[in-house]
Amino acid sequence: MRYELILFDNDGVLVDSEPISNRHLAAYLTELGVPTSYEDSLRDYMGSAMHRIHDLVLERTGRRLPEDFDDVFHARVFAAFERELKPVPGVAEVLGKLAADGVPYCVASSGSHERIRVGHRTTGLDRWFQEERIFSSQDVGKGKPAPDLFLYAAERMGVAPERCAVVEDSPLGVQAAVAAGMDVYGFTAMTPAERLTGTTRLFGAMSELPDLLI
């Protein structure tokens with residue numbers, strides 16, 4: 001394999017969480033007087049860290065979200081995860097192949113450590129991700145589209161950026177990977193291909209990924 005490290009985004013790439021979280025985000029923002037449709041949420045917030053939601057709402061409305069916004073939102077989403085969350089189809093097989101081939105991999109997510117762990121535990125993906133393979137925007141303080149998270153994860157894993165491949169499904173994540181100087185493979189299961197500009201390759205099913213990485 002030409003890469004020494006594969007960095008996976010989490011939401012929408014490892015766990016099929018984007019429909020759940022964006023449905024609840026749209027509903028909660030609307031409840032707070034910031035009318036937001038599910039489609040609006042996907043367009044504006046998919047792949048972003050929580051601070052981006054606060055920043056965009058403040059910029060657009062002049063209002064700050066409640067201090068407990070993050071806690072209330074996560075409580076609602078985590079409860080829904082327990083009921084509904086599934087792994088992305090085929091991703092366990094991809095992780096199994098990487099492990100069998102001895103290819104290092106990790107997760108680098110805009111989500112919090114708690115969100116990553118809840119999702120992995122619920123879907124059974126925790127068997128593939130030990131503590132040293134989990135990286136969150138909490139670790140760097142600045143989420144995607146900044147390259148900081150990907151660069152931090154690569155440094156911690158001991159691999160140069162140019163030897164890394166990122167698997168992403170959001171425009172913000174693709175921008176971050178490109179800014180980090182890494183190849184990026186765009187997963188189009190939920191995001192139209194035309195929104196993932198700058199990718200090395202696009203793919204629509206996880207079963208396609210191993211052959212693209214060779």
Side-chain angles (χ1 to χ4, degrees), residues 8-88 107-123 125-126 134-150 152 168-177 179 186-192 194-197:
F8 289 91
D9 177 43
N10 188 57
D11 294 291
V13 171
L14 296 176
V15 295
D16 194 14
S17 54
E18 294 291 9
I20 300 171
S21 59
N22 282 281
R23 187 174 72 241
H24 283 275
L25 178 58
Y28 189 27
L29 288 173
T30 300
E31 179 184 318
L32 292 171
V34 184
T36 306
S37 69
Y38 172 72
E39 292 74 19
D40 293 337
S41 185
L42 286 176
R43 182 193 64 232
D44 295 340
Y45 304 120
M46 182 174 166
S48 67
M50 291 300 293
H51 68 77
R52 178 179 167 85
I53 301 171
H54 289 264
D55 292 346
L56 280 181
V57 169
L58 179 61
E59 177 185 317
R60 292 172 175 178
T61 69
R63 295 172 48 196
R64 294 187 182 277
L65 293 171
E67 289 188 8
D68 65 349
F69 177 87
D70 292 13
D71 291 337
V72 172
F73 172 64
H74 283 132
R76 294 181 182 187
V77 168
F78 293 168
F81 280 1
E82 297 288 349
R83 298 189 302 269
E84 306 172 45
L85 190 62
K86 304 292 183 186
V88 168
V107 57
S109 171
S110 290
S112 66
H113 277 281
E114 184 183 14
R115 180 184 175 114
I116 296 168
R117 286 177 175 81
V118 168
H120 288 190
R121 185 177 66 250
T122 303
T123 58
L125 293 182
D126 52 346
I134 299 175
F135 302 98
S136 160
S137 62
Q138 287 181 313
D139 299 327
V140 294
K142 194 172 184 182
K144 306 166 188 176
D148 305 39
L149 174 58
F150 289 138
Y152 174 76
E168 266 288 353
D169 71 329
S170 75
L172 294 176
V174 170
Q175 292 173 44
F187 185 39
T188 60
M190 277 197 62
T191 308
E194 59 268 21
R195 294 196 65 210
L196 298 179
T197 56

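Residues take their numbers from the sequence shown, with the count starting at 1.
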Taking only residues at least two apart or on different chains, which pairs with a member in [range] satisfy salt bridge (Lys or Arg N to Asp or Glu O under 4.0 Å)?
{"range": "residues 136-147", "answer": "D9-K144, K144-E168"}
{"range": "residues 31-41", "answer": "E31-R76, D40-R43"}
{"range": "residues 51-70", "answer": "D44-R60"}

[X] [atom1] to [Y] [atom2] distance, which is reported to the nearest 0.5 Å:
{"X": "F135", "Y": "S110", "atom1": "CZ", "atom2": "OG", "answer": "14.5 Å"}
{"X": "Q175", "Y": "T197", "atom1": "CD", "atom2": "OG1", "answer": "7.0 Å"}
{"X": "F8", "Y": "L14", "atom1": "CZ", "atom2": "CG", "answer": "6.5 Å"}
{"X": "L85", "Y": "R83", "atom1": "CG", "atom2": "CZ", "answer": "11.5 Å"}
{"X": "M50", "Y": "D71", "atom1": "CE", "atom2": "CG", "answer": "9.0 Å"}

Side chains of [X] and [Y]: does their closest heavy-atom pair fall under 4.5 Å?
{"X": "S170", "Y": "T191", "result": "no"}
{"X": "V118", "Y": "E82", "result": "yes"}
{"X": "R115", "Y": "S109", "result": "no"}

Response to the item:
Contacts of E114 meeting salt bridge (charged side-chain N to carboxylate O under 4.0 Å, His left out) (sequence neighbours excluded), chain-then-number -> none
Fill in: salt bridge (charged side-chain N to carboxylate O under 4.0 Å, His left out) involving R117 - partner list, sequence neighbours excluded
E131
Which heavy atom of [X] sits nearest a heavy atom of [Y], and at what distance?
{"X": "V15", "Y": "G119", "result": "CG1-O, 3.9 Å"}
{"X": "R23", "Y": "Y38", "result": "N-CD1, 3.7 Å"}
{"X": "S137", "Y": "G143", "result": "CB-CA, 3.9 Å"}
{"X": "P87", "Y": "T123", "result": "N-CG2, 3.6 Å"}
{"X": "D148", "Y": "V140", "result": "O-CG1, 3.9 Å"}

Worksheet item: Just one of I53, T36, T30 clears the side-chain contact (heavy atoms from CB on, under 4.5 Å) bar with L25, so which one?
Response: I53
Run the side chain to side chain donor-acceptor pair (under 3.5 Å) test against [X] and tell me which residues pass, sequence neighbours left out.
{"X": "H120", "result": "N10"}
{"X": "S17", "result": "D11"}
{"X": "S136", "result": "none"}
{"X": "S41", "result": "N22"}

Practice prompt. Return each pair, listed once, that meets ring-ring contact (aromatic ring centres under 6.0 Å, His included) where at least one residue sits in residues 50-74; pairs must be two or more places apart or across chains.
Written response: Y28-F69, H54-F69, H74-F78
Practice prompt. Output all residues satisfying ring pair (Phe, Tyr, Trp, His ring centres under 6.0 Å) with F187, sequence neighbours left out; order by chain, then residue number.
Written response: F203
Discussion item. When you measure from the side chain of Q138 to the backbone of H113, do you find a donor-acceptor pair of N or O atoms at a distance under 3.5 Å?
Written reply: yes
Worksheet entry | side chain to side chain contact (heavy atoms under 4.5 Å, CB included) partners for P147, two or more places apart | L151, A179, A180
Worksheet item: When you look at V174 and R195, which way does the side chain to side chain contact (heavy atoms under 4.5 Å, CB included) test go after all the steps?
Response: CA-CA 10 Å; V174 170; R195 294 196 65 210; over 6 Å; no
